[in-house]
Amino acid sequence: MPGLKKLCLYVFGLILCGSGLASAQSVSAEFDEICRKAESLIIQGRLAEARQVLSPVRESNAVAACLMSQSQVYEVMLTGSDAVADKLLDDVDAYKKTINKAPESSPWQRYALAEVYIHQAVAGFKTGGQIQPALHLRTAYKLLKTNSRLFPDFLLTYKDLWMLEAGIGSIPEKYGWALNILGLSGNLNEAVANYRSFPEKIKANPELSIFYDEASLIDAMLLYHMGNQKDAASQVLMRTGSDASRDPMLMLIRMSLSFKLKESAQIDLMVSNPGRFAAFPVYNYYKGQRLLQQLRPESGQFLAKFIDVQKNGTYVRDAYLKLSYAWQLAGDTVQAHEMLRRLLLTKVSVGEEDVNATYEAKTGTLAHPDLLKARLLFDAGKLDESLAKLGSIDTKSLSQIELTEYYYRKGRDYESKGKEFYPQALQSFAQATGISLRTSHIPYFAPASCYVSGLISEKLSHPTEAANWFRKCLSYKDYPYEISFSQKAKAGLERVRKK
């Protein structure tokens, strides 16, 4: 059921970025000393030590069980390891059994149980599951909805509930049948709006203020992915994590968001001062990626180190693609092709970066060298240099796919330069979408051009044009990053319908 698979991944895209951020509290809402110590260790990324502390009481203390699950889902997300995900899947039934012993008169019982079901869904999706992880999310959603009704003042319920509702509300209408079957519903705009005030409510609660940075990062994530509010997301990001290096999970999400928002100063600061995050393989992936954007030859060393440690799992295929870029920039096309060959031998990953890497590798061709440099310069925030590189290309020498990318890259540069360059951006995007590609597998350049054209039209207060662009984006099928662009285009349609 490919449609259901995509439905699951729509929600999983948000869960992967934002679940598992807050550690559970005791059923009585009081931390004992064991749980306090374990939570502190988890925050510091000292996960094995946390589990040692929790092990003696995990069968008698509901909070200890949830924290055990919490430590494992942290490790899944920080390492991308299938083995860690499998271990979590083996252990969750025992955690649920412990939590179910807690009295249902406490809001912590359903909240902790919902958290464990979300952890189980994350691990299930990570190992290739579809139906079962979707059902686990449904169970978590139902538990949280019940908790919000019975205990409306219990804040932590909404940390997960509104995130789930935002993800559900952004799912394209063609999957409405599946939502009805699963009994899921969500209003995207309401969820995003609700989350805007949530971090401050957490901060004002002495017992929960420790979760302020985590709640703020979910807020930034929703603003960026769903609300078309990059500036607001950047402002939220800037005020979080004064000491983020002590929390590897916090650093991971800040790093991911900073790359998406092109926050070069933030990226460089985190890469140079990673703290405990440096102990995890994914740090080398991000450092190599940043150095590659700067066209620095040592980027390949860090990408290769990530691959050597990780071998399979999330980001490995993308790391191979970027290592191919590094060899190509160094002038060694033989090694560049070899990296693409090795890429296709690794285990398939559901991550969109890895899906795109698979698409590029299967073309059997290397990226156009000047288009590649223009792309990397754009990613590094060097817009004028990127435009200059594009200007040096003889467009008559480009294939149809390369020409589509050329106009897309040009449009992105102009769009990022600001409102006065929007006309040039729209013209370039229109040229990208006007090229007919005679291939069954298309790259993301045309649908992405439609989406960004919709954003520009929305900013220019042209809701009808924006809606047309968003609908056109949704009309494309089976291309890399389809889930993200479809999700964001659906969110865009919801916004402009109210204008």
Side-chain angles (χ1 to χ4, degrees), residues 255 258-259 262 264 267-268 270-272 274 278 281-346 349 351 353-395 397-399 401-403 405-406 408-410 412-413 443-445 480:
M255 187 80 80
S258 294
F259 269 93
K262 316 296 183 191
S264 295
I267 294 170
D268 291 336
M270 288 186 285
V271 165
S272 62
V282 72
Y283 166 72
N284 291 305
Y285 167 75
Y286 279 114
K287 183 167 185 177
Q289 187 176 172
R290 181 56 177 167
L291 293 173
L292 183 64
Q293 291 176 352
Q294 297 168 337
L295 308 183
R296 292 169 60 178
E298 65 266 36
S299 62
Q301 300 173 19
F302 293 93
L303 293 166
K305 187 176 180 180
F306 170 74
I307 292 168
D308 288 343
V309 174
Q310 201 75 358
K311 302 196 185 317
N312 279 295
T314 307
Y315 299 138
V316 169
R317 287 198 166 197
D318 189 52
Y320 266 118
L321 177 65
K322 289 179 167 60
L323 188 52
S324 175
Y325 291 164
W327 280 115
Q328 189 177 350
L329 292 174
D332 193 333
T333 57
V334 174
Q335 280 297 317
H337 277 291
E338 175 62 14
M339 294 305 104
L340 297 184
R341 186 189 71 81
R342 294 184 188 181
L343 182 162
L344 294 174
L345 297 177
T346 62
S349 167
E353 291 86 354
D354 293 323
V355 171
N356 178 66
T358 303
Y359 166 83
E360 292 197 34
K362 284 184 175 180
T363 65
T365 59
L366 298 179
H368 185 287
D370 287 330
L371 285 174
L372 174 58
K373 290 177 182 176
R375 170 185 179 176
L376 295 172
L377 289 166
F378 168 79
D379 288 339
K382 299 178 179 180
L383 305 179
D384 290 330
E385 291 181 45
S386 178
L387 279 169
K389 181 59 65 177
L390 290 171
S392 70
I393 297 174
D394 177 9
T395 56
S397 68
L398 300 178
S399 68
I401 289 179
E402 289 171 341
L403 193 60
E405 179 179 4
Y406 169 85
Y408 167 70
R409 302 270 171 230
K410 198 171 182 180
R412 287 304 311 272
D413 282 330
Y444 63 87
F445 312 126

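In what follows, every heavy atom counts, from backbone to side chain, and hydrogens, waters and symmetry copies are set aside.
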Test item: K311 and V316 side chains (from C-beta on) under 4.5 Å apart, heavy atoms: no

Could you tell me whether a side-chain N or O of Y315 sits under 3.5 Å from a main-chain N or O of I307, the two making a donor and an acceptor? no

Which heavy-atom pair separates P443 from I401 by the least distance, and what is that distance? CG-CG2, 4.0 Å

Of all heavy-atom pairs linking L340 and A361, the shortest is O-CB, 4.0 Å

Could you walk me through whether V271 and Y283 satisfy the side-chain contact (heavy atoms from CB on, under 4.5 Å) test, starting with their C-alpha distance in whole Å, then the side-chain angles of each, then the deciding distance to 0.1 Å, before giving a yes or no? CA-CA 8 Å; V271 165; Y283 166 72; 4.3 Å; yes

Are S349 and R317 linked by a side-chain donor-acceptor pair shorter than 3.5 Å? no

Any chance you could measure R290, atom CZ, to D268, atom CG, to the nearest 0.5 Å? 4.0 Å

List the atom of S299, the atom of L292, and the distance in Å for their closest heavy-atom pair. CB-N, 3.4 Å

Return all side-chain donor-acceptor pairs below 3.5 angstrom for residues 371-385, not counting sequence neighbours, or 'none' if the list is empty.
residue	atom	partner	partner atom	Å
R375	NH1	Y325	OH	2.9
D379	OD1	K262	NZ	3.0
D384	OD1	K417	NZ	2.7

Pair L343-S324, side-chain contact (heavy atoms from CB on, under 4.5 Å): steps then yes or no: CA-CA 9 Å; L343 182 162; S324 175; over 6 Å; no

Looking at CD of E402 and OG1 of T395, how far apart are the two atoms once the value is rounded to the nearest 0.5 Å? 11.5 Å

Just by distance, do the side chain of D370 and the backbone of I393 share a donor-acceptor pair under 3.5 Å? no

Electrostatic pair D318-K322, nearest N-O below 4.0 angstrom: yes

Indicate yes or no: at least one non-hydrogen side-chain atom of L303 is less than 4.5 angstrom from one of N284. no

Using 0.5 Å steps for rounding, measure from the CZ atom of F302 to the NZ atom of K287. 3.5 Å

d(Y406 OH, S399 OG) to nearest 0.5 Å is 14.0 Å

Under 3.5 Å, is there a donor-acceptor pair linking the side chains of T346 and N312? no

State whether the side chain of T333 and the backbone N or O of A336 hold a donor-acceptor pair below 3.5 Å, judged by distance alone. no

Shortest non-hydrogen separation from D413 to S386 and the atoms involved: OD2-OG, 2.7 Å

Once you round to the nearest 0.5 Å, how far does CE of M339 lie from CD of Q328? 13.0 Å

Is the shortest heavy-atom distance from the side chain of F259 to the side chain of Q293 under 4.5 Å? yes

Set of residues satisfying ring-ring contact (aromatic ring centres under 6.0 Å, His included) with respect to F306, sequence neighbours excluded: Y285

NZ/K389 to OG/S392 distance, rounded to the nearest 0.5 angstrom? 5.0 Å

Can a side-chain donor-acceptor contact be found between Y408 and R412 if the only test is distance below 3.5 angstrom? yes

